[in-house]
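Before any comments, here is the structure.
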Amino acid sequence: MYIAKLHPFAFKIGPIGVHWYGIFMVLAILGGSYYLIERGKQLGEDPDYLSNVTLWTVLWGVIGARLVFVLANEPQWIWTDPVQILRIWDGGLAYDGAVGLGVFALWYQLRKKPLVFNYLVDWTVPGIGLGIFMVRIGNIFNHEVLGRMTELGFGRWPEQLWGSFIGVFLILRYFWLERHRTPPPGYQFWSAMFYYAILRGFIGETTRDNPLYLIHYINPYWGIGFTTLMQLFTPPILIFTGLMMRRTWRKSATRLIPPGKTVVSMSSEASGQK
């Protein structure tokens, strides 16, 4: 979707411009962090400790998002314009890098508390979905992440809206499972990653105007193309996340605690691992 009248800046303070993209990203981070910390209190953990864990997780997630974007799209910045790498407010964050390095940072901080990690990583899903939704809206203001041109009468595919829909889907699916099922800790996260890979890899990337690798096929009438970098990585991602879904379901007998209840037994186990 390309709307020429939309401007990247929400407002300016002298020479400094505040981007809509940055505002949406900050709101998503705050919303996701608040939910994670509030749910994390059920584990009997100190709120200050949870806030510290969340802060470092978010920080490394942003670093991972930027690094993967640069390596996949603008690697020449590393030697031609290193300062550009820091300009994340102009857009350019890779979801895969954010989740990958962010989850690794969460695991590293909780490596002696695996049960706590499994619960917390599930509770990152609403924040991840919110981030996908809001950042894709920010992409509209930045005139980026464009869909391919079609001959179907509406110009480009509204790629940013499709990406936003994926974020909404992840959020709705998460809360539906919370309400109607009792999946073991860890399942929510790995299943969300599994379905995200399907929706983005096989549908979203098909209409996104990205460079093609190996198979260079474009249908100008339908505005679809194969294969983008994300599509090449989709099969191994599905295999890995599918195996993790199965592993968490089969090996864990622990069930999610209904909202509002204190996780006494789990808190005691987690404390014993400190």
Cation-pi geometry met for K41 and Y119 (6.0 Å, 45°): no
Donor-acceptor under 3.5 Å (S33 side chain, L30 main chain): no
Counterpart residues, side chain to side chain donor-acceptor pair (under 3.5 Å), relative to R173 (two or more places apart): S191
More than 12 heavy atoms from other groups under 6.0 Å of CZ on F233: no
Within-4.5 Å side-chain heavy-atom neighbours: V53 and F117: no
Pairs touching residues 222-238 that satisfy side chain to side chain donor-acceptor pair (under 3.5 Å), sequence neighbours left out: E205-T228, T206-Q231
Test: R156 and E159 ion pair at under 4.0 Å: no
Ring centers of F9, H19 separated by less than 6.0 Å: yes
Ring pair (Phe, Tyr, Trp, His ring centres under 6.0 Å): pairs with one or both residues in residues 145-173, sequence neighbours excluded: F154-W157, W162-F165
Heavy-atom side-chain proximity of Y221 to T150 below 4.5 angstrom: no
Check: N142 side chain, E144 main-chain N or O, donor-acceptor pair, under 3.5 Å: no
Contact list for residues 124-136, test side chain to side chain donor-acceptor pair (under 3.5 Å), sequence neighbours left out: R136-N139
Pairwise ring pair (Phe, Tyr, Trp, His ring centres under 6.0 Å) hits with a residue in residues 183-214, at least two apart: Y95-Y196, Y187-W249, W190-F240
For a quick test of your reading: what N or O donor-acceptor pairs under 3.5 Å do the side chains of residues 125-134 make, sequence neighbours left out?
none

